[in-house]
Amino acid sequence: MINLANGYTSTEISPKFSTGDIINHQMYNYRGVIVDYDSTCQAPEHWYKSNQTRPERHQPWYHVLVDGNQQVTYVAESNLSLDQTGLPIVHGMLNIFFSGYDEQKNKYKRNNVPWNPGNPPEAPPPSPPPDFTPPPPPIL
């Protein structure tokens with residue numbers, strides 16, 4: 001009889017970050033908020049090979065709304081760290097995917113609008129809760 005419990009380990013790695021976390025890209029020095037993630041890189045091989053840093057594919061990869069512009073990036077976990085500034089994120093799609101901000105956790109509250117790149121939601125984004133006040137823009 002074969003005992004699969006001995007010596008077997010799952011190849012799937014638990015993500016270090018979660019949706020709503022505000023992160024820093026360690027190499028390119030930008031901030032952003034995680035809107036979704038994949039347990040491993042789901043990008044096509046040609047995209048991965050064009051990536052200058054080529055981090056390991058078999059780790060969590062995150063879809064990030066980049067602070068201060070309209071860009072969305074796809075980033076390997078090994079390139080990220082949690083942001084410690086406490087500053088808000090400014091991005092045009094922030095209110096589509098998040099319904100508020102938790103100041104104590106320095107984290108945005110993810111709503112139930114699905115992340116579906118290339119296929120926008122059929123319904124408009126939900127309105128923020130009545131008591132939601134957007135964070136102030138950063139002071140430069």
Side-chain angles (χ1 to χ4, degrees):
M1 178 182 281
I2 298 173
N3 185 350
L4 295 178
N6 290 339
Y8 176 77
T9 57
S10 172
T11 58
E12 191 167 305
I13 300 169
S14 295
K16 181 178 177 181
F17 306 106
S18 61
T19 57
D21 282 346
I22 300 173
I23 53 80
N24 287 306
H25 191 291
Q26 296 172 347
M27 183 173 288
Y28 296 123
N29 198 30
Y30 64 80
R31 297 173 62 249
V33 60
I34 295 172
V35 68
D36 199 13
Y37 65 90
D38 299 318
S39 58
T40 61
C41 182
Q42 300 300 304
E45 189 66 21
H46 70 276
W47 179 92
Y48 178 74
K49 286 183 176 182
S50 72
N51 185 325
Q52 292 178 358
T53 61
R54 268 198 221 140
E56 173 62 42
R57 285 185 76 110
H58 300 290
Q59 64 177 314
W61 282 66
Y62 300 87
H63 301 272
V64 175
L65 304 181
V66 178
D67 181 42
N69 71 41
Q70 298 303 308
Q71 189 175 8
V72 178
T73 58
Y74 192 51
V75 187
E77 183 172 275
S78 59
N79 288 330
L80 299 178
S81 62
L82 279 177
D83 179 70
Q84 302 299 317
T85 66
L87 295 173
I89 297 296
V90 177
H91 192 282
M93 293 193 300
L94 192 68
N95 290 336
I96 295 173
F97 299 105
F98 298 96
S99 61
Y101 179 75
D102 185 329
E103 289 184 31
Q104 290 181 315
K105 294 181 180 179
N106 188 33
K107 181 177 182 138
Y108 284 89
K109 298 174 186 175
R110 183 72 163 91
N111 62 26
N112 60 1
V113 174
W115 174 251
N116 197 1
N119 189 10
E122 292 178 16
S127 299
D131 60 343
F132 174 65
T133 304
I139 299 172
L140 302 174

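Side chains are part of it too, since the values below use all heavy atoms of this structure and drop only hydrogens, waters and symmetry mates.
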The complete set of salt bridge (Lys or Arg N to Asp or Glu O under 4.0 Å) pairs with one or both residues in residues 103-115, sequence neighbours excluded, reads Asp21-Lys107
Roughly how far, to the nearest 0.5 Å, is [atom2] of [Y] from [atom1] of [X]?
X     : Y      : atom1 : atom2 : result
Asn79 : Trp61  : CG    : CH2   : 7.5 Å
Ile34 : Leu80  : CD1   : CG    : 6.0 Å
Asn95 : Asn111 : CG    : CG    : 9.5 Å
Ile89 : Leu94  : CD1   : CG    : 7.5 Å
Ile22 : Phe17  : CD1   : CZ    : 12.5 Å
His91 : Asn69  : NE2   : CG    : 6.0 Å

Evaluate the side-chain hydrogen bond (donor to acceptor under 3.5 Å, both in side chains) criterion for residues Gln59 and Ser78: first the C-alpha distance (whole Å), next the side-chain angles of each, then the deciding distance (0.1 Å), finally the verdict. CA-CA 8 Å; Gln59 64 177 314; Ser78 59; 3.2 Å; yes
Shortest non-hydrogen pair, Gln26 vs Ser81, comes out as NE2-CB, 3.2 Å
For [X], what residues pass the ring-ring contact (aromatic ring centres under 6.0 Å, His included) criterion, not counting sequence neighbours?
X     : answer
Tyr48 : none
His63 : Tyr74, Trp115
Phe98 : Tyr108

A side-chain contact here means heavy atoms from C-beta on lying under 4.5 Å apart; do Glu77 and Pro15 qualify? yes
* Asked: Does any non-hydrogen side-chain atom of Tyr30 lie less than 4.5 Å from one of Thr73?
  -> yes
Salt bridge (Lys or Arg N to Asp or Glu O under 4.0 Å) filter on Arg31, not counting sequence neighbours, yields Asp67, Asp83
Contacts of Asp36 meeting salt bridge (Lys or Arg N to Asp or Glu O under 4.0 Å) (sequence neighbours excluded), chain-then-number -> none
Closer than 3.5 angstrom, by distance alone: can the side chain of Asp102 be matched with the main-chain N or O of Gln104 as a donor-acceptor pair? yes
